[in-house]
Enquirer: 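Below is a structure I'd like to ask you about.
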Amino acid sequence: MTRARRARARDVPLRTHWVVLTILLVTLSGSLLLHGYTHHLFGTTPDGAVTAAGPHDAVPAAVAAGGPLIDATAAAPRSAKPKAKTIALTFDDGPDPVWTPKVLDLLRAHRVKATFFVIGTEVVAHPELARRIVAEGHQIGVHTFTHANLASAPDWRRSLELRQSQLILAGATGVSTSLLRPPYSSEANALTNSDWAAIKRARDAGYLTVLTTQDSEDWRRPGTARVVANSTPKGTAGQVLLMHDAGGDRTQTLEALKRLIPALKARHFRFATVSDTVGISQPVHPASKLERGRGLAVIGAMRLSDGALGIITWLLYAAGALSVLRAITTVVAAKRHARDRYSSRGQPVTEPVSVIVPAYNESAGIEAAVRSLIASDHPVEVIVVDDGSSDGTADLVESLRLPGVRVIRQPNAGKPAALNTGLHAASYELVVMVDGDTVFEPDAIRMLVQPFADPAVGAVSGNAKVGNRQGLLGRWQHIEYVVGFNLDRRLFDLAECMPTVPGAIGGFRRSALERIGGLSDVTLAEDTDLTMALCRDGWRVVYEERARAWTEAPASLGALWRQRYRWCYGTLQAMWKHRGAWVQRGQAGKLGRRGLTYLLLFQVLLPLLAPVVDVFALYGLLFLNPWRVGVVWAGFLALQFGMGLYAFRLDGEKAGPLWSLPLQQFVYRQLMYLVVIQSVFTALAGSRLRWQRMERYGSLGVPPKASATEGFP
């Protein structure tokens with residue numbers, strides 16, 4: 001492939017990453033739904049604590065008066081009773097990593113076989129214990145997937161609970177079983193119509209239901225003596241005894257077994273599995289390869305869901321820590337900046353200024369911009385560089401015949417080239433660069449150049465404000481400009497690491513710009529690239545909030561996306577280009593270790609992590625305590641609202657637009673996340689983004705002389 005063809009290939013917009021992102025989101029959503037289902041939508045109440053209630057007229061009399069093992073065939077339901085002087089020890093709710101091994105050790109010591117009814121989620125967590133149960137000759141049955149009450153569950157959940165339990169058992173142990181003990185079941189004579197319907201559904205799936213004849217009530221923890229008494233048969237009839245090897249402290253269960261087994265053996269009772277006790281054929285068989293493979297897939301998916309939530313939890317902590325750190329850092333820095341901002345200013349700067357206005361198809365707003373500049377209370381010359389416009393921008397400016405305004409025409413070469421053209425034509429040392437959609441307040445230029453009284457200052461960032469803020473989207477951008485951009489600039493000014501002088505309003509020393517070779521076109525964020533280059537050349541870049549200019553913000557989500565995508569991607573390009581500042585000294589080192597680190601943490605990493613807060617909020621609303629989740633979300637919102645109030649007060653703005661801050665979280669913030677994700681993917685893929693010009697609407701007029709606190713029409 002030739003170099004030209006490679007270049008064209010790199011110009012193709014990146015699409016693959018959206019497919020990858022969609023797959024990741026679907027996988028993550030599935031994992032979280034699975035985790036929520038298996039960990040938060042199941043019964044944690046002990047089996048015996050739920051008493052069955054309801055009619056029982058649909059339960060066959062032979063079943064209600066029969067034995068604990070039920071075969072609910074449609075033709076002729078039947079049951080089986082234990083043999084005389086035979087005890088089937090059954091343990092529910094395991095396997096448990098603490099108590100199941102102790103129960104198994106005790107049974108082995110007494111040469112006793114038992115039956116364990118295991119929960120699918122616990123088998124996933126401790127498959128080695130399920131394998132040990134089978135390997136040591138004990139019988140295994142299912143106790144559903146998540147300890148669900150099958151009598152009250154809908155049909156889809158009954159099917160899911162039984163099928164997934166069987167698959168997990170096959171994957172973990174290599175066997176399948178037809179034995180089922182429904183959670184919250186007891187004796188046959190306690191069956192209700194709902195219980196019977198669930199038992200019949202289970203039989204359709206191939207299960208024999210195992211109830212009990214005697215309940216040790218160890219789940220109550222009534223004391224070892226009481227557990228022994230509850231477990232001891234009154235006569236010689238065989239029993240299916242209910243005990244637990246999980247669900248809490250089972251010390252009393254173990255102590256009771258140590259007394260019970262020798263005592264019953266002394267009375268000539270025999271201990272056996274459920275099938276041996278009631279006299280049926282072996283219900284546990286080797287699973288097929290297909291079932292085992294599917295079971296391993298289910299286990300893998302559940303472990304993936306556990307891992308996904310674990311990662312999200314840590315990311316949530318990281319996002320929270322970064323959010324709090326940013327809030328504290330910016331507010332403390334802004335407070336100090338507001339106190340010390342004018343303490344070291346020298347004599348007033350009165351020398352004239354060259355104002356450069358690069359223009360490409362700016363006919364909608366160029367007149368307002370130029371008129372606001374010549375209305376300045378500071379001496380200026382205005383140079384409009386028409387970069388090959390096709391809408392008559394240059395003709396319009398020339399037709400105005402405004403004094404002190406020059407128009408330079410050039411073929412379309414891009415904004416950096418237009419600015420360099422204006423720089424070469426400038427008459428004065430101090431230069432102000434302004435976008436063609438921006439209007440200045442009368443004192444903006446005078447305020448902007450005052451920091452140049454310090455010879456170490458090479459550039460000054462002004463205070464860009466959103467002019468078209470009437471709609472909801474405009475309000476959201478207004479909030480972002482005041483809170484996000486201007487608070488950060490106060491911090492950067494204080495830390496002497498300003499990374500960006502905005503294209504809307506920025507002042508420069510012409511000699512400083514010439515020393516670094518003017519503006520570069522290798523990034524899409526020429527203003528950020530230029531500012532970083534000045535810092536690396538040893539110049540200080542400061543912020544002057546009194547220099548206000550009003551810019552036209554995007555009026556649609558599509559236009560906003562294109563603008564922010566270009567900004568974000570260009571910033572990443574500039575950060576990479578100037579990465580060497582991290583190891584430099586002096587002013588360059590401040591930019592690297594302070595400015596670039598801040599950008600990396602709070603404008604790249606934090607937006608990438610912030611969606612975790614929203615994902616966890618949705619997870620919490622579905623599976624956790626909604627009130628607790630609401631409190632956490634409200635905490636994040638309160639943090640942003642507090643920052644907003646402080647930033648608006650510093651900027652002399654009315655706090656009214658902050659009412660829309662909660663709504664901003666659901667649309668605007670998500671869009672900004674996607675912008676960062678798109679930009680990072682594009683940067684990692686090495687794709688090149690083309691210049692995307694924002695649509696102009698000409699919604700701005702010449703600003704009034706009133707202060708910003710009165711708003712802008």
Enquirer: Would you say the side-chain atoms of Arg593 pair up with the backbone N or O of Ala588, donor to acceptor, closer than 3.5 Å?
Expert: no
Enquirer: Just checking, is any N or O donor in the side chain of Thr393 or Glu362 under 3.5 Å from an acceptor N or O on the other one?
Expert: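 Checked: Thr393/Glu362 side chains show no N/O donor-acceptor pair below 3.5 Å.
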Enquirer: Minimum heavy-atom separation for Pro499 and Leu599, please, with both atom names.
Expert: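 Closest pair (atom of Pro499, atom of Leu599, distance): CB-CD1, 3.8 Å.
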Enquirer: Would you check, one step at a time, whether the test side-chain hydrogen bond (donor to acceptor under 3.5 Å, both in side chains) holds for Tyr668 with Glu480?
Expert: CA-CA 10 Å; Tyr668 191 84; Glu480 184 184 24; 2.2 Å; yes
Enquirer: CG of Asn486 to NE2 of His337: how many Å apart, nearest 0.5 Å?
Expert: 10.5 Å
Enquirer: When the aromatic ring centroids of Phe648 and His478 are compared, is their separation below 6.0 Å?
Expert: yes
Enquirer: So how far is it from Asp437 CG to Thr551 OG1, rounded to the nearest 0.5 Å?
Expert: 4.0 Å
Enquirer: Under 3.5 Å, side chain of Arg406 to main-chain N/O of Ala425, donor-acceptor pair present?
Expert: yes
Enquirer: Quick one: closest heavy-atom pair of Val331 and Tyr646, and the distance?
Expert: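 Heavy atoms of Val331 and Tyr646 come nearest at O-CE2, 3.8 Å.
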Enquirer: How far does CZ of Arg540 sit from CE of Met498, to the nearest 0.5 angstrom?
Expert: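 Between atom CZ of Arg540 and atom CE of Met498 there are 9.0 Å.
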Enquirer: Mind running side-chain hydrogen bond (donor to acceptor under 3.5 Å, both in side chains) on Arg536 and Gln587 for me, showing each step along the way?
Expert: CA-CA 6 Å; Arg536 295 189 70 186; Gln587 198 64 43; over 6 Å; no
Enquirer: Give every residue pair that meets the side-chain hydrogen bond (donor to acceptor under 3.5 Å, both in side chains) criterion with at least one member in residues 350-359, sequence neighbours excluded.
Expert: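 Qualifying pairs: Ser354-Glu381.
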Enquirer: Is it the case that the side chain of Asp387 and the backbone of Ala359 share a donor-acceptor pair, with hydrogens and angles ignored and the cut-off at 3.5 Å?
Expert: no
Enquirer: Can you list the residues that meet the salt bridge (charged side-chain N to carboxylate O under 4.0 Å, His left out) rule with Asp386, with sequence neighbours excluded?
Expert: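 Per chain and number, Asp386 pairs via salt bridge (charged side-chain N to carboxylate O under 4.0 Å, His left out) with no residue.
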Enquirer: For side chain to side chain contact (heavy atoms under 4.5 Å, CB included), just list the numbers for Trp550 and Arg469, CA-CA rounded to whole Å, side-chain angles, deciding distance to a tenth of an Å, and then say yes or no.
Expert: CA-CA 11 Å; Trp550 303 82; Arg469 60 177 73 168; 3.0 Å; yes
Enquirer: State, yes or no, whether a side-chain contact exists between Thr523 and Thr528 at a heavy-atom distance under 4.5 Å.
Expert: no
Enquirer: Is the closest side-chain heavy-atom distance between Leu534 and Phe508 below 4.5 Å?
Expert: yes
Enquirer: Would you say the side chain of Pro352 lies within less than 4.5 Å of the side chain of Val380, judging by non-hydrogen atoms?
Expert: no
Enquirer: Short question: side chain of Asn468, backbone of Ala553 - any donor-acceptor pair under 3.5 Å?
Expert: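 It does hold such a pair.
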Enquirer: Judged by modelled atom types alone, do Ser520 and Glu526 share a side-chain donor-acceptor pair under 3.5 Å?
Expert: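 Their side chains do not contain a donor-acceptor pair, so the 3.5 Å distance test is not met.
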Enquirer: Between Trp476 and Ser660, is the side chain to side chain contact (heavy atoms under 4.5 Å, CB included) condition met? List the steps.
Expert: CA-CA 7 Å; Trp476 289 341; Ser660 65; 3.5 Å; yes
Enquirer: Give a yes or no on whether a salt bridge exists between Asp521 and Lys415, defined as a side-chain N under 4.0 angstrom from a carboxylate O.
Expert: no
Enquirer: Quick test of your reading of the model: are Lys590 and Glu496 salt-bridged, counting only N-O distances below 4.0 Å?
Expert: yes
Enquirer: Run the numbers on Arg326 and Asp488 for salt bridge (charged side-chain N to carboxylate O under 4.0 Å, His left out), then give the verdict.
Expert: CA-CA 9 Å; Arg326 181 175 185 266; Asp488 282 348; 3.1 Å; yes
Enquirer: Got a second to check how far Leu316's CG is from Phe636's CZ, nearest 0.5 Å?
Expert: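 It comes to 5.5 Å.
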Enquirer: Between Glu367 and Ser363, is there a donor-acceptor pair closer than 3.5 Å when you use the side chain of the first and the backbone of the second?
Expert: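 Judged by distance alone, no pair lies under 3.5 Å.
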Enquirer: Taking Ala453's backbone N and O only, do any of them form a donor-acceptor pair with Gln347's side chain (distance below 3.5 Å, no angle check)?
Expert: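 Not at all, since once roles are kept as given, no pair shorter than 3.5 Å links the two residues.
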Enquirer: Which atom pair, heavy atoms only, marks the closest approach of Ala319 to Leu606?
Expert: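 That would be O-CD1, 3.7 Å.
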Enquirer: Could you tell me if the side chain of Arg510 sits less than 4.5 Å from the side chain of Arg515, heavy atoms only?
Expert: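 Arg515 vs Arg510: side chains apart.
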Enquirer: If you compare all heavy atoms of Leu645 against all heavy atoms of Ala655, which two are closest, and at what distance to 0.1 Å?
Expert: CD2-CB, 3.8 Å
Enquirer: Can Leu524 and Trp567 be said to form a side chain to side chain contact (heavy atoms under 4.5 Å, CB included), step by step?
Expert: CA-CA 7 Å; Leu524 291 180; Trp567 284 5; over 6 Å; no
Enquirer: With side chains defined as the heavy atoms from C-beta onward, is the minimum distance between Cys535 and Cys497 less than 4.5 Å?
Expert: no
Enquirer: Using atom types as modelled and distance alone, determine if a side-chain donor or acceptor of Asp537 lies under 3.5 Å from a backbone N or O of Ala533.
Expert: no
Enquirer: Establish, from distance only, whether the side-chain atoms of Tyr481 and Asp651 form a donor-acceptor pair under 3.5 Å.
Expert: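 Judged by distance alone, the side chains do not pair up.
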Enquirer: Treating Arg509 as the side-chain partner and Phe452 as the backbone partner, does any N or O pair qualify as donor plus acceptor under 3.5 Å?
Expert: yes
Enquirer: With a 4.5 Å limit on heavy-atom distance, are the side chains of Val434 and Ile356 in contact?
Expert: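 With C-beta onward as the side chain, the pair stays apart.
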Enquirer: Step by step, work out the side chain to side chain contact (heavy atoms under 4.5 Å, CB included) result for Met532 and Met575.
Expert: CA-CA 8 Å; Met532 290 183 179; Met575 290 173 64; 4.1 Å; yes
Enquirer: Side chains of His378 and Asp443: is there a donor and an acceptor less than 3.5 Å apart?
Expert: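 Judged by distance alone, the side chains do not pair up.
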Enquirer: A side-chain contact here means heavy atoms from C-beta on lying under 4.5 Å apart; do Thr597 and Trp582 qualify?
Expert: yes
Enquirer: Check Ser679 against Tyr569 and note the closest heavy-atom contact, atom names and distance.
Expert: OG-N, 3.6 Å
Enquirer: Is it true that Tyr598 and Arg594 share a donor-acceptor pair across their side chains at a distance under 3.5 Å?
Expert: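 Tyr598 and Arg594 do not have a side-chain donor-acceptor pair below 3.5 Å.
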Enquirer: How long is the gap from CG on Leu494 to CZ on Arg489, to the nearest 0.5 Å?
Expert: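 Between atom CG of Leu494 and atom CZ of Arg489 there are 16.0 Å.
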Enquirer: Heavy-atom distance under 4.5 Å between the side chains of Ile383 and Val357, does that happen here?
Expert: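 No, side chains not in contact.
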Enquirer: Verify the distance criterion only: is there a donor paired with an acceptor across the side chains of Asp527 and Thr500 at less than 3.5 Å?
Expert: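 Looking only at side-chain atoms, Thr500 and Asp527 do not form any donor-acceptor pair under 3.5 Å.
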Enquirer: Is the backbone N or O of Glu545 less than 3.5 Å from a side-chain atom of Asn463, with the two atoms forming a donor-acceptor pair by type?
Expert: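 Confirmed, Asn463 side chain pairs with Glu545 backbone.
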Enquirer: Minimum heavy-atom separation for Arg564 and Val675, please, with both atom names.
Expert: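 That closest heavy-atom pairing would be O-CG1, 3.4 Å.
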Enquirer: Classify the ring geometry between Tyr317 and Trp314 as parallel (under 30°), tilted (30 to 60°) or perpendicular (over 60°).
Expert: perpendicular
Enquirer: First locate atom CD of Gln664, then atom CZ of Arg475, and finally report the distance between them rounded to the nearest 0.5 Å.
Expert: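 It comes to 12.5 Å.
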